[in-house]
Amino acid sequence: MKQLPASIWTLTVGILVTLIALWAGNQNLFFPEQASVQAPLVDHFFNLMFMIAVALFLLVAGTIIFFAVQYRQRPGDEGDGVPLEGDFSLEAYWTLIPAVIVIVLGVYSVQVFTEMGGFAAGGGGGNHLLMSHGHQPHQPMPAQLVSDDGAEPAPAFKAEYGLGGSERPDVTVTVTGMQYAWIFNYPEGITAGELHIPVNKSVQLNIKATDVIHSFWVPQFRLKQDAIPGHDTELRFTATKVGDYPVVCAELCGGYHGAMRTRVYVHTQEEYDRWLAENQFAQHPDLSKAVAVHATE
């Protein structure tokens, strides 16, 4: 049987490698569910990188195995190997192709970073300030922080790093990382140990740290942002699925780093409004509306 030309073998191998790489790149085997607008952007970029990695692995590993088998030393063969010299065209190809891949991935990564708001940190859309208490929902943000004891107001929050935006977010929450907990402060005067947000609404987290570097990470949102002492950071996102998801500190911050976890609860708008109302009353009860009961003997 006449041997097939090398061009046919090359075309066949190329098609098989491409099909396997395309299949592997669309399996999304490594991530949990997508629960934010930003998640598909990250996943598409990762899937492209994984597809390229699978193709390169199959080509390199396949070539090594093929040559190891095809050109192995046969029994009784004591001769020298075939003398080979460098091939300029081959070296040019295996330099040019990786260079093109790196450039394409670099351009794509900048596009994803831009769409997620990476170049909009501190843009003004979410640099709002919170009062210690007394602010009611849907009212304009106060001009400065006010303390109960009349001390000097805290400085304005001005994000230096993170994912931001130029438009005003629907919800703004101040997040404070400390050893070993996350504290969430709302403009409505609510302080909580979990993050509560409405679904399909733009949320901005103004992130601070009181001691060491922490990292606020929600795997289902595909978002992570460091909390840096002395430097304000921010994180802008929109949750797309009602549910609760883990919040993990992804930066080694001390002996109990592994226990620095909480949850983010994504509510419908009605549930979120009810949660705000209940917690406003619980933390700042209006005693004029309370019912007094006189105990009789």
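The chain is numbered in sequence order, starting from 1. What you see is a predicted model; the values in this text were computed from it and never measured. Hydrogens, waters and symmetry mates play no part in the numbers below; they use all other heavy atoms, side chains included.
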(message) If you count heavy atoms of other groups shown closer than 6.0 angstrom to CZ of F119, is the number above 12?
(response) yes
(request) List the atom of K241, the atom of V199, and the distance in Å for their closest heavy-atom pair. (result) N-CG2, 3.8 Å
(message) I need the R263 CZ to E194 CD distance, nearest 0.5 Å.
(response) 10.0 Å
(message) Are V100 and F45 linked, directly or through intermediate hydrophobic residues, by side-chain heavy-atom contacts shorter than 4.5 Å (ILVMFWY only)?
(response) no
(request) Determine whether I207 and Y161 fall in the same hydrophobic cluster, where Ile, Leu, Val, Met, Phe, Trp and Tyr are linked whenever their side-chain heavy atoms lie under 4.5 Å apart. (result) no
(request) Taking the side chain as every heavy atom from C-beta outward, state whether V175 and N206 have any atom pair closer than 4.5 Å. (result) no
(message) Going by salt bridge (Lys or Arg N to Asp or Glu O under 4.0 Å), name the residues that satisfy it together with D43, two or more places apart in sequence or in a different chain.
(response) R222
(request) Take atom OH of Y108 as the centre, draw a 6.0 Å sphere, and report whether it contains more than 12 heavy atoms from other residues, nucleotides or ligands. (result) yes
(request) Go through I197 and L195 one step at a time and tell me if the side-chain contact (heavy atoms from CB on, under 4.5 Å) criterion holds. (result) CA-CA 7 Å; I197 57 174; L195 177 61; 3.9 Å; yes
(request) Please assess V264 against D244 for the test side-chain contact (heavy atoms from CB on, under 4.5 Å), listing each intermediate value before the final yes or no. (result) CA-CA 5 Å; V264 51; D244 64 283; over 6 Å; no
(request) Search all heavy atoms of Q34 against all heavy atoms of P40 and return the closest pair with its distance. (result) OE1-CG, 3.6 Å
(request) Could you identify which residues cluster with I183, counting Ile, Leu, Val, Met, Phe, Trp and Tyr as linked when any side-chain heavy atoms lie under 4.5 Å apart, either directly or through a chain of such contacts? (result) M178
(message) For Q225 and E234, which I'm curious about, is there any donor-acceptor pair between the side chains at under 3.5 Å?
(response) no
(request) Give a yes-or-no answer on whether the side chains of E251 and H214 include a donor-acceptor pair shorter than 3.5 Å. (result) no
(message) Do F237 and V218 make a side-chain contact, defined as non-hydrogen atoms from C-beta onward lying under 4.5 Å apart?
(response) no
(request) Give a yes or no answer on whether the side chain of D170 reaches the backbone of S202 with a donor-acceptor pair at less than 3.5 Å. (result) yes
(message) My understanding is that only one of L223, D226, V247, T233 makes a side-chain contact (heavy atoms from CB on, under 4.5 Å) with F216; could you say which?
(response) V247
(message) When you compare the side chain of P32 with that of Q220, does any pair of heavy atoms fall below 4.5 Å?
(response) yes
(request) Flag the pair C249 / Y180 as yes when at least one side-chain heavy-atom distance between them is below 4.5 Å, and no otherwise. (result) no
(message) Could you check whether atom OH of Y256 has more than 12 heavy atoms from other residues, nucleotides or ligands sitting under 6.0 Å from it?
(response) no
(message) Tell me if a side-chain donor or acceptor on Q111 pairs with a main-chain N or O of V107 at a distance below 3.5 Å.
(response) no
(message) Less than 3.5 Å apart, any donor N or O on the side chain of N185 or T191 sitting next to an acceptor on the other?
(response) yes
(message) According to a hydrophobic-cluster definition based on side-chain heavy atoms being under 4.5 Å apart (Ile, Leu, Val, Met, Phe, Trp, Tyr only), do F184 and I228 belong together?
(response) no
(request) Find the distance between CG (N26) and NE2 (H44) and round it off to the nearest 0.5 Å. (result) 8.5 Å
(message) Within this structure, what is the OG-NE2 distance for the pair S215 and H257, rounded to the nearest 0.5 Å?
(response) 9.0 Å
(message) Keeping S36 on the side-chain end and A239 on the backbone end, is there a donor-acceptor pair under 3.5 Å?
(response) no
(request) Check whether the ring centres of Y186 and W275 lie less than 6.0 Å apart, and answer yes or no. (result) yes
(message) Counting C-beta onward and ignoring hydrogens, is there a side-chain heavy-atom pair between I190 and L276 closer than 4.5 Å?
(response) yes
(request) Answer yes or no: is there a donor N or O on one side and an acceptor on the other, between the side chain of T262 and the main chain of G193, under 3.5 Å? (result) yes
(message) So, taking the atom named CD in E188 and the one named CG in N279, what distance separates them when rounded to the nearest 0.5 Å?
(response) 10.5 Å
(request) Output yes when a side-chain donor or acceptor of E91 lies under 3.5 Å from a complementary backbone atom of T95, and no otherwise. (result) no
(request) In sequence, state the C-alpha distance, the side-chain angles, and the governing distance for E33 and Y245, and then conclude on side-chain contact (heavy atoms from CB on, under 4.5 Å). (result) CA-CA 10 Å; E33 64 176 316; Y245 309 101; 3.6 Å; yes
(request) Please tell me if the side chains of M116 and V42 come closer than 4.5 Å, counting only heavy atoms from C-beta onward. (result) yes
(message) Quick check for you: to the nearest 0.5 Å, what is the distance between M260 atom CE and L252 atom CG?
(response) 11.5 Å
(message) Minimum heavy-atom separation for P98 and Y93, please, with both atom names.
(response) CD-O, 4.1 Å
(request) Let me see the working for K201 and T238 under side-chain contact (heavy atoms from CB on, under 4.5 Å), right down to the final yes or no. (result) CA-CA 6 Å; K201 297 293 184 179; T238 301; 5.8 Å; no
(message) Between Q179 (side chain only) and C253 (backbone N and O only), is there a donor and an acceptor less than 3.5 Å apart?
(response) yes
(message) Is any side-chain heavy atom of P198 closer than 4.5 Å to one of T268?
(response) no
(request) Kindly write out the residues that satisfy side-chain contact (heavy atoms from CB on, under 4.5 Å) with T12, not counting sequence neighbours, or none if the list is empty. (result) I8, L16
(message) With a 6.0 Å cut-off on the ring centroids, do Y265 and Y272 count as close?
(response) no
(request) Hey, can you tell me if F46 and F31 have their rings parallel, tilted or perpendicular (30° and 60° cut-offs)? (result) perpendicular
(request) Would you kindly confirm whether L96 and V104 end up in one hydrophobic cluster when ILVMFWY residues are joined by side chain heavy atoms under 4.5 Å apart? (result) yes
(message) Using every non-hydrogen atom in the two residues, find where D232 and K208 come nearest and quote the distance to one decimal.
(response) OD1-NZ, 3.2 Å
(message) Testing T63, V13, I20, T18 one by one against L58 for a side-chain contact (heavy atoms from CB on, under 4.5 Å), which residue passes?
(response) I20
(message) Using every non-hydrogen atom in the two residues, find where L41 and E115 come nearest and quote the distance to one decimal.
(response) CD2-OE1, 3.3 Å
(message) Let me check something: do V112 and W217 share a hydrophobic cluster, defined by ILVMFWY side-chain heavy atoms less than 4.5 Å apart, either directly or through other members?
(response) no
(request) Identify the two heavy atoms, one from F221 and one from A35, that lie closest to each other, and give their separation to 0.1 Å. (result) CE2-O, 3.3 Å
